[in-house]
Each structure stands twice: as structure tokens, then as C-alpha cells.
Chemist: 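Quick one: this structure, given as C-alpha cells, is what I'll be asking you about.
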Amino acid sequence: MTINRTSGRKGGFGHWVRQVADHDVFYSFTRSPVTMLAAFTTFVIVFASIFAPWLTPHDPFNPASLDLMEAFTPPVWLEDGTWKYPLGTDDQGRDILSTIMFGNRISLIVGFFAVLLSMLIGITLGTVSGYVGGWFDVVTMRLADAQLTVPPILIALLVDGVARTTLPRELQEEMAIYVLIFSIGIAAWPQYARVTRSGAMVERNKEYIAAARIIGIHPVRIMLGHIVPNVMGPTLVMATIGVALAIIIEATLSFLGVGVPPTTPSLGTLIRIGNDFLFSGEWWITIFPAVALVVLVLSVNLIGDWLRDTFNPKLR
Amino acid sequence: MTDPYQDPLTSSPLLEVRDLSKYFALSSRWLSRIFTRQPRPVLKAIDGLSFQILRGQTFGLVGESGCGKSTVARVIVGLYAPTRGEILFEGQFVNQRNHRFSRASLHSRMQMIFQDPYASLDTRWRVRDIIAEPIRAFKLAQSRAALRNRVAELLLQVGLSPSDGGKYPHEFSGGQRQRISIARAISSNPDFLVCDEPTSALDVSVQAQILNLIKELQRRLGLTYLFISHNLAVVHHISDHVGVMYLGRLCEVAPKRILFSQPQHPYTRMLLDTIPDLSLTGRKRQPVTGEVPNPINPPSGCPFHPRCPVTNERCQVEQPHPGASGESMVACHAVEENRLQ
Amino acid sequence: MALLEVDRLRIEFPTRRGVLVAVDDISFSIDQGEVLGVVGESGAGKSITGAAIIGLLEPPGQIAHGTIRLQGQQINGLPNEAMRRIRGAKIGVIFQDPLTSLNPLYTIGRQLVQTITTHTDLTTSQARDRAIDLLNEVGIPAAKRRIDSYPHEFSGGMRQRVVIALALCAKPGLIIADEPTTALDVSIQAQIISLLRRLCQEHRTAIMLITHDMGVIAETADRVAVMYAGRIAEIGPLRDVVKNPKHPYTVGLMDSIPVIEEENDELAHIKGAMPGLQEIPLGCSFNPRCPDAFDQCRRERPDLMPTGNPNQVAACWKYDGTTNND
């Protein structure tokens with residue numbers, strides 16, 4: 001029909017590469033050095049976390065490999081520092097660099113799965129609210145409003161506390177990470193629900209939904225097949241920023257001592273442990289995990305900001 | 001030429017509506033409603049419509065925006081439940097009480113084409129999946145290969161190429177998207193299509209292509225259409241019978257030729273005078289006056305009386321009902337009393 | 001001398017994938033008191049041409065070359081402040097959507113008075129009297145009372161009348177009307193068209209009427225310019241273009257419009273669709289859709305050339321060598 005339909009083979013890897021390279025998103029990415037740096041840093045951190053068991057110079061969780069004689073070793077560039085422990089060791093002689101790499105791993109896992117849980121709850125409730133409306137919508141949204149008046153960290157603390165007391169003692173350590181994911185995930189669903197709901201309310205009135213309804217497609221299939229894919233975009237952008245937020249909440253909870261146990265420390269736990277020695281001269285135990293946390297959160301956040309600006313120029 | 005669909009003598013109504021009405025309750029805050037003790041305002045989007053559409057023919061519905069013509073479409077295809085009245089398909093009542101249940105058998109036989117070629121296709125679906133959605137829903141294809149063949153056949157039928165199936169809607173122009181929309185509508189082998197302003201978002205040269213396609217499909221598949229438009233020339237081109245709507249009511253229903261050559265209702269006459277004189281004949285026309293009133297608060301009596309040149313006291317208080325006048329049905333006191341001309 | 005002269009105007013949109021030419025070397029003129037209808041499909045460049053004339057081209061769009069002269073004075077490339085004065089005083093503007101042309105926070109009286117006092121020496125109370133006169137003239141009933149209403153208190157048709165009054169405030173010699181009736185219902189459309197025509201005759205105001213609707217043009221225009229893919233395909237007097245179009249695109253366009261007077265089963269139509277800006281073909285941009293295309297059409301871009309009718313020119317190689325004296 002059209003005149004200028006380009007002929008020739010479409011598809012194939014080369015075509016895909018060209019398409020990506022030609023895409024506006026990729027273009028805007030190459031024009032933002034800060035984002036590129038952030039993406040690179042995030043990639044390095046994620047890579048290091050995934051392969052931490054093979055990359056770390058020491059195994060900080062194997063008590064047999066720990067040497068209390070080597071506790072409080074300072075970083076390599078200070079007097080008494082050694083290349084064996086580039087960033088020094090903590091009070092139990094654990095290598096700081098290795099614990100940071102494992103700590104990142106826990107932070108990322110908790111951040112990622114907590115956001116996944118928030119999205120799952122938020123998108124489900126938001127889509128049904130927006131598409132079906134009625135009393136379900138009223139109840140869900142009032143619930144979301146109520147929860148939004150309380151800071152997420154308090155919600156997480158509350159859920160975390162309740163979950164801990166209901167769990168038997170012997171399971172507490174084992175389940176700690178799941179409890180964290182659950183409590184942080186519960187804390188953040190309302191924003192996803194709100195965004196999804198407003199999106200669903202717009203899509204609901206579009207004619208392609210009317211077309212599906214005339215065919216007699218079941219409402220659940222309309223929501224899964226049509227509404228959700230069309231309202232997912234903004235929530236994915238939010239999710240990136242949400243990961244950074246979840247990591248901070250996790251660090252805060254762990255710092256307060258209600259997060260992951262000290263035997264498998266996350267960044268927050270490491271900062272708490274080091275905090276005791278901050279004023280006795282062993283600053284490296286707390287400063288390096290803190291720097292690692294800032295770098296991780298900042299990188300993820302910068303990517304999130306860029307995504308938001310790229311996909312929604314109006315928010316700028 | 002022995003096609004039964006083409007012979008008006010053997011034609012029977014495929015779709016009939018009787019006294020069809022749809023009111024929308026406008027939501028005002030219930031708290032303020034309780035305090036002011038005012039009833040909920042009601043918008044009578046369509047009010048007491050009756051007409052029938054003969055098998056294999058096209059019934060054109062014209063009117064200005066807000067006259068309720070799109071609501072008619074949506075009630076007939078079941079997107080809205082009617083407030084009052086009946087819809088008969090092949091002489092069988094489309095049961096309102098068990099709307100969803102009795103609709104199920106009708107779904108595949110009644111489809112719709114929409115106005116906005118950008119909103120009527122899910123942009124995240126490939127064209128072949130969009131067209132296959134009804135086929136899958138009604139389980140009309142026995143195998144994957146059969147489904148693929150059917151989609152390819154449909155694409156060809158609407159003037160696209162089978163290779164277009166792998167693309168996404170954004171790769172197409174408005175006219176091509178409308179073709180995709182048509183392919184989806186006919187994919188379940190329907191008898192009846194509701195076309196709601198299918199060409200008003202398109203440029204004229206593309207509009208002509210789509211109108212030709214719609215007509216060609218009618219000939220080839222024996223389709224019956226309800227064609228809704230604000231454009232009188234388009235309705236004239238495509239319809240066999242025409243209904244003119246004003247503020248939720250039918251003013252006049254007549255065979256096309258009669259409606260355009262001997263319009264009776266004053267509103268029909270006014271509308272005909274708004275048609276641009278493209279042939280530059282310089283024919284004399286009555287200047288148009290006034291605007292469509294707010295449908296929430298329509299005038300008493302005949303809704304057209306404030307703009308009508310032949311109005312009298314009766315028109316202001318008494319609502320006219322459709323009555324036969326020659327081959328037309330006209331809802332006008334002046335026509336009834338022979339006050340016209 | 002023509003009131004408005006546009007000479008070899010070219011408007012480009014630089015993008016990172018190359019320069020898109022939205023308007024390509026178009027020339028036309030409008031005489032005093034004349035209505036020039038500019039018709040074309042969406043994307044043909046007609047609105048962008050209008051925006052360039054009033055100096056409101058959206059960036060990154062820019063005039064690459066060419067001149068726009070109003071009463072002999074070049075107005076493209078003027079500083080913003082000078083252009084702003086011309087826009088109110090010498091060129092009035094009517095847009096498609098009356099709601100966005102009016103500020104919803106001010107009464108229409110305030111907006112009219114402000115515009116009048118900006119561009120004339122009238123005092124505020126004189127300006128108010130003039131505003132009431134204007135509202136009467138554009139057919140707002142009870143103008144004296146309605147002048148203190150807000151835009152939302154008017155219906156769509158009445159709002160467009162207010163916008164027309166606003167455009168007339170400083171008695172401009174030229175009005176650019178971009179799809180002035182598209183958002184309106186047919187019965188109101190007819191009223192606005194006859195209002196425009198009447199005002200044009202009474203004030204000797206020239207109008208550049210931009211629309212996709214040939215019907216509106218047929219009711220209003222004296223001359224018609226048909227645009228296609230950023231170029232003018234044909235310009236001529238209304239009757240000649242409508243009754244005896246020269247360019248194959250105009251021929252196809254006229255044939256594809258359904259008319260009540262004719263009874264035919266199938267509408268003639270042009271195959272395909274207008275190309276997007278990034279895919280304009282070599283040679284004549286219409287050649288892939290043209291039933292009469294020959295070799296030269298695929299290689300060389302035609303300019304407007306005589307067609308045998310003294311006032312009608314068309315950009316089509318069919319008329320190469322034709323003179324208007326035949």
C-alpha cells in the first residue's frame with residue numbers, strides 16, 4: 001500500500017543492533033555522561049555481587065578462615081596495612097572488601113525483590129481498581145491513601161517487628177531476608193497502585209478495550225493482555241528509583257539491628273558494626289561500607305532519574 | 001444478480017430497535033445531593049428510538065455531536081445496557097436481563113469499527129495478534145496454520161499484505177490502521193457491523209479508499225451496516241436508509257433518495273443546507289441559526305423548537321412522535337399538521 | 001502590490017537523523033481583501049506555513065531561506081518584539097481550538113480591551129465600547145451583558161466568534177485562520193464560514209484560510225492553493241481549481257470527495273497515502289501515486305508552471321512548455 005515501505009530482510013541480529021543504536025533512548029543515553037558513568041558503576045557492582053563467591057579474596061563467612069590476630073588491620077595505604085586486606089579488616093578479622101561485596105549482594109537482592117513484590121501488589125490492585133472501579137476502587141485507594149500518610153520506613157519497621165515476633169526463634173535468622181523483602185515490599189505498593197490505576201482508567205476508555213469487550217473477552221484477560229502491558233511503562237521507571245529507596249530502607253533497618261543478622265552482613269549491618277569503632281580510630285570499618293552504599297544508591301538513582309526524564313519529558 | 005442480500009423484496013430486518021433509551025445518571029457528590037435534596041441529574045443520551053435495518057443494507061445515522069448517535073452504537077453492540085426498550089436481532093430479543101449471557105452467541109455476529117485509528121488498536125500487539133483476537137476468542141481456527149492462513153487472507157481482503165502481520169500498529173498510517181481495524185471486525189465472520197465515524201479522522205483521499213473498502217466488503221460478504229457519521233455527504237454515499245438524530249431523538253427516517261431530495265423535518269432541511277456547495281452551483285440556502293442546546297437540560301416539547309422556523313405553541317409543550325409521512329417517518333407537529341411549505 | 005508575498009519559503013526541522021524539509025520553496029501572494037484557501041492533507045505543511053508567517057514557528061523549525069513580505073516590508077527574521085507588534089496590529093490569528101486561544105482566567109471583555117489598547121491609542125473605556133461593537137459584529141447576542149463573562153460560559157461556536165472578534169481588534173489587513181471550523185459542528189461551521197466571508201467583504205480584510213476541508217474552501221475562498229508534501233501543487237481561482245483542476249493530485253482529491261448531487265457506487269480515489277517528511281520521493285513528490293507519471297516526474301522536481309489558464313499554475317511536468325497565451 002504505501003510507497004516507501006523499505007523492502008529487504010527485517011529481523012536478525014544485525015538489524016536488532018542497528019535498531020537499538022538508532023533508538024532515541026540509546027541516543028539520549030550516549031548524550032548523558034553522568035548516566036553512562038552511573039550505568040557502568042551499577043554494572044560493576046551488580047557483576048561483583050553476582051560473582052562475589054568467586055571474586056572475593058577471602059570468604060568472610062567461613063569462621064575457619066578468620067584470624068582474630070588480624071582483626072582491625074587498617075587499609076593498605078596506612079601503616080600496618082597489607083595487600084592481603086586492601087580495605088582493612090573488622091573486629092573479627094573479616095576482610096572489609098569481601099564483606100562489602102557480599103553486603104552489596106544482600107542489599108541488591110532485598111532491593112530487587114522488595115520492589116518486585118511492591119509492583120506485584122501495586123499493579124494488581126491498581127489495574128483492578130482502575131478498570132473495574134466501584135467499591136473495590138474506593139476501598140483500595142482509601143487504603144493506599146492511609147498508608148501513604150505514614151513514611152514507608154515506619155511501615156517496614158512495623159511489619160518487620162510483627163513478622164519477627166510471630167516467627168519461632170530458631171527460624172528468625174534463616175528467614176530474616178524474606179521478612180525484610182516482605183516488609184519493605186509491603187511498604188511501597190501504594191505509589192505503584194496509584195500510577196497503575198490512573199493509567200488503567202485512561203486505557204479503559206480507549207476503543208481497543210471496547211473492541212475486546214465486544215468480542216466478549218473475559219475482563220481478567222483484558223486486564224492481563226491489554227491494560228497491564230500498556231500501563232507498565234511508568235511503573236518500570238518508578239521501580240528503578242524504588243530499588244534505590246528499598247536499599248536505603250534495608251540499610252536503615254539493618255543499621256537499627258532489625259535487618260539481616262551480623263553473620264551474613266549487609267551494608268547496613270556493616271555500618272552498624274563499624275559504628276562502634278568509629279571513634280576509637282578504626283574508621284575504615286564503617287566508612288568503606290557507607291561509601292559503597294552511597295555509590296550504589298546514587299548510581300541506581302541516577303539511572304532512574306534518566307529513565308524518568310527520557311520516557312516522560314513532562315516530569316522534568 | 002440473484003444474490004438474496006441484494007434483493008430488497010426478500011429483505012427482512014436483521015436488526016430492529018424498539019423504543020430504545022439510554023439515560024446516564026450524572027454523578028454529583030452524594031453529600032451535596034443529600035444536603036440540597038436535588039435529584040441526580042440525568043442525561044437522556046438516547047430517548048425512545050425505533051428503527052430497523054434490513055439485511056444486506058446500510059442504515060446511516062447522522063447528527064451533530066452530542067445527539068447520541070455514538071451511544072446508539074454502543075448500546076446495540078452491548079457496551080452499554082439500555083435503560084429501556086428492546087433490541088431484536090433476526091427477530092430474536094437480545095435479552096437485557098441476562099445481558100452478558102445472551103450476548104455471548106451474538107458477539108461473533110456483531111462487530112464494530114471505531115473512529116480513532118490510533119486508539120482502536122492495542123499498540124503493544126502485533127497486527128496479526130490484533131486480527132486473530134476474535135478468531136481465538138471464538139475458536140474459529142482449528143490449528144495454528146489455519147489461523148495464520150486466515151489472518152493472511154483477511155489482510156489481503158482489506159488491501160494489506162500478509163507480511164504486514166508481523167508489524168506493530170505504529171508502523172502504519174491512519175488509513176492502514178483503519179484497514180487493520182476492519183480486518184479485526186470481519187475476522188469472526190459477522191453479519192452485522194456497526195461503523196462509528198470510521199472515516200472522520202482520515203484525510204479525504206484516504207476516506208474514499210476506506211469507504212470503497214467498506215462498500216466492497218458489504219457486496220462480497222453480504223454484510224449489514226449501521227453507519228454513523230456527522231458528514232451528510234458520506235452518509236449519502238454509503239447508506240440505503242438514513243436516520244437523522246437531534247438531542248437523543250430521531251427526527252426523520254427515510255430511504256436515502258427521499259431524505260435527500262424531499263427532506264421533511266425542519267432540522268433535516270437545516271442540516272442539508274449546511275452541506276458545502278462543492279459543485280459551486282450557487283443554489284439558494286437558508287442561513288443556519290442557533291446551536292444545539294445542552295442535552296442535560298433540553299428544551300421542553302420538541303427539542304428542536306427554539307431553532308425551528310415553523311414552531312408554534314404546540315411544539316413548545318408537546319413532544320412530537322414519529323409518524324409516517326409518505327415513505328418517511330417524521331417526528332414533527334408541523335409535518336403532521338401540514339404546516340410546512 | 002500584493003498585501004502578503006511569500007517568496008521561495010523553505011522551512012526545515014533539523015533532527016539528528018538529518019534535516020526534514022516541512023515546506024519546500026513555496027511562493028504565493030495574497031491581495032488585499034482576498035480569501036486564499038490553503039488546502040491539503042495533514043502533514044502537507046499548510047499549518048507550518050501559517051505559523052511561519054506570524055512568526056510562531058515551533059523550534060526546532062526554522063526558515064532556511066525565502067522571504068515573507070507584508071505590504072512590501074520583509075517580516076521574517078524580525079526581532080521578537082517587532083514581530084509581536086505586527087502580529088496584533090497587522091495580522092490577526094484564528095486557531096482551530098477556541099478554548100486554547102482564550103485565557104480561561106480572564107473575562108473576554110478584559111482580553112479584548114487589553115488587545116485593543118495594546119495596538120491602538122484608544123482609552124480603556126473607548127476600547128470597551130469598541131469591544132462591544134466587535135462582539136455585536138461577530139454575532140454574540142446581548143454583547144453588552146456577555147462581555148463580562150468568562151470563556152467557559154460560552155458554547156464552542158460562540159467562543160470561536162469571540163476569537164474572531166479578538167483577531168479583528170486592531171483592524172488587521174490580514175487574518176491567518178488555521179482550521180477555524182474543524183472543531184465545530186456542521187451547523188455552527190456554516191455560521192462561522194458565512195461570518196468570515198461577511199467580515200472579509202465589509203472590512204476588505206484578507207484571509208489566509210488553512211483547512212483540510214475542501215467544502216470550507218468552496219464556501220469561502222476566492223483563490224485556492226493546494227499543498228502536497230510541503231509543496232504547492234496548484235494555485236488558481238476557486239472555480240477553476242474546483243471545476244477544472246490541473247494537477248493530478250487535485251484531480252484525485254476532488255474526485256475522492258463524496259457529493260450529494262452525484263450518485264455513484266464507488267468513489268474515485270488516489271492509491272496510497274501522502275509520504276511522511278522523511279520519505280519524500282525523488283522528483284515530483286506525488287509521482288508514486290500519480291496515474292500520469294512519466295520518466296521526468298521520477299527524476300526532476302517540477303516548479304509551478306503555466307497551465308494554459310492565465311491565473312492557474314500547477315507544479316506538474318504535464319504542463320511543461322505550455323504557455324498561458326495559448
Side-chain angles (χ1 to χ4, degrees), chain B residues 62-67 159 172-176 199 201-213 215-216 219 230-238 246 256-257 259-261 267 270-283 285-294 307, chain C residues 39-44 139 141 154-158 181 183-195 212-220 228 238-243 249 252-276 289:
Chain B
V62 275
E64 299 179 80
S65 58
C67 73
F172 296 89
S173 66
Q176 291 170 321
T199 63
L202 306 174
D203 284 311
V204 275
S205 70
V206 181
Q207 165 174 290
Q209 297 171 6
I210 299 297
L211 289 177
N212 285 343
L213 175 65
K215 272 203 153 185
E216 185 198 322
R219 261 195 311 274
H230 68 277
N231 186 328
L232 282 152
V234 168
V235 166
H236 174 269
H237 175 74
I238 203 126
Y246 188 76
K256 172 184 60 181
R257 235 162 251 125
L259 187 106
F260 281 89
S261 59
Y267 180 63
M270 195 200 85
L271 268 188
L272 290 182
D273 275 343
T274 66
I275 300 172
D277 184 10
L278 257 181
S279 312
L280 303 173
T281 52
R283 75 188 138 93
R285 286 178 290 176
Q286 191 89 34
V288 178
T289 52
E291 295 190 14
V292 182
N294 186 346
R307 301 173 75 183
Chain C
V39 69
E41 300 178 30
S42 44
F154 292 87
S155 66
M158 286 297 151
T181 60
L184 306 172
D185 267 323
V186 280
S187 69
I188 299 168
Q189 192 170 328
Q191 297 174 40
I192 297 291
I193 288 173
S194 63
L195 171 67
H212 70 283
D213 188 345
M214 204 64 201
V216 175
I217 300 270
E219 295 282 311
T220 340
Y228 184 81
L238 174 72
R239 182 162 287 273
D240 296 314
V241 173
V242 169
K243 287 284 197 190
Y249 173 63
L253 192 68
M254 294 308 304
D255 284 347
S256 64
I257 304 172
V259 267
I260 309 263
E261 288 79 9
E262 286 163 36
E263 188 78 41
N264 40 9
D265 210 31
E266 196 172 335
L267 290 166
H269 68 260
I270 317 171
K271 60 182 199 283
M274 193 174 74
R289 301 174 72 189

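Bear in mind that the values here come from a model prediction, so they are computed numbers and not experimental data. Letters A, B, ... are given to chains in the order of the sequence lines, protein chains preceding strands, and every chain is numbered from 1.
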Chemist: Roughly how far, to the nearest 0.5 Å, is CD of B:E64 from CD of C:Q189?
Modeler: 10.0 Å
Chemist: For chain C, which of B:D273, B:N212, B:V292, B:T274 has the most heavy-atom pairs under 4.5 Å?
Modeler: B:N212
Chemist: When you measure from the side chain of B:Q209 to the backbone of C:G272, do you find a donor-acceptor pair of N or O atoms at a distance under 3.5 Å?
Modeler: yes
Chemist: Give the member of B:G66, B:G174, B:S205 that has the highest number of heavy-atom pairs under 4.5 Å with chain C.
Modeler: B:S205
Chemist: So among B:I238, B:L211, B:V234, which one has a side chain to side chain contact (heavy atoms under 4.5 Å, CB included) with C:L267?
Modeler: B:L211
Chemist: Could you tell me which of C:M214, C:H212, C:K243 has the largest number of non-hydrogen atom pairs under 4.5 Å with chain B?
Modeler: C:K243
Chemist: Side chain from CB out, backbone as N, CA, C, O: work out which of these in B:E216 comes under 4.5 Å of a heavy atom of chain C, or both, or neither.
Modeler: neither
Chemist: Go through the atoms of C:A218 and report whether side chain, backbone, both or neither lie under 4.5 Å from a heavy atom of chain B.
Modeler: both
Chemist: So which part of B:L278 gets closer than 4.5 Å to some heavy atom of chain C, the side chain, the backbone, both or neither?
Modeler: both
Chemist: Run the side-chain contact (heavy atoms from CB on, under 4.5 Å) test on B:L271 and C:V186 for me, step by step, so that the C-alpha distance in whole Å, both residues' side-chain angles and the decisive distance to 0.1 Å come before the verdict.
Modeler: CA-CA 8 Å; B:L271 268 188; C:V186 280; 3.8 Å; yes
Chemist: Could you tell me which portion of C:V242 (side chain, backbone, both or neither) has an atom closer than 4.5 angstrom to a non-hydrogen atom of chain B?
Modeler: side chain
Chemist: Pick one of side chain, backbone, both or neither for C:S42, based on which atoms fall under 4.5 Å of a heavy atom in chain B.
Modeler: both
Chemist: Less than 4.5 Å apart, any side-chain heavy atom of B:E291 and any of C:I188?
Modeler: yes
Chemist: Does B:D203 reach the main-chain N or O of C:E41 with its side chain, forming a donor-acceptor pair under 3.5 Å?
Modeler: no
Chemist: Can you tell which of B:Q207, B:H236, B:H230 has the highest number of heavy-atom pairs within less than 4.5 Å of chain C?
Modeler: B:H236
Chemist: Can you see which heavy atom on C:I260 is nearest to which on B:A233, and at what distance?
Modeler: CD1-CA, 3.8 Å
Chemist: For C:M254, is it the side chain, the backbone, both, or neither that has a heavy atom closer than 4.5 Å to a heavy atom of chain B?
Modeler: side chain
Chemist: Nearest 0.5 Å, what's the OG-CE distance between C:S187 and B:M270?
Modeler: 4.0 Å
Chemist: Work out which heavy atom in B:A208 is nearest to a heavy atom in C:A268; give both atom names and the distance.
Modeler: CB-O, 3.8 Å
Chemist: Please check this pair: side chain of C:Q191 against backbone of B:G290, looking for a donor-acceptor N/O pair closer than 3.5 Å.
Modeler: yes
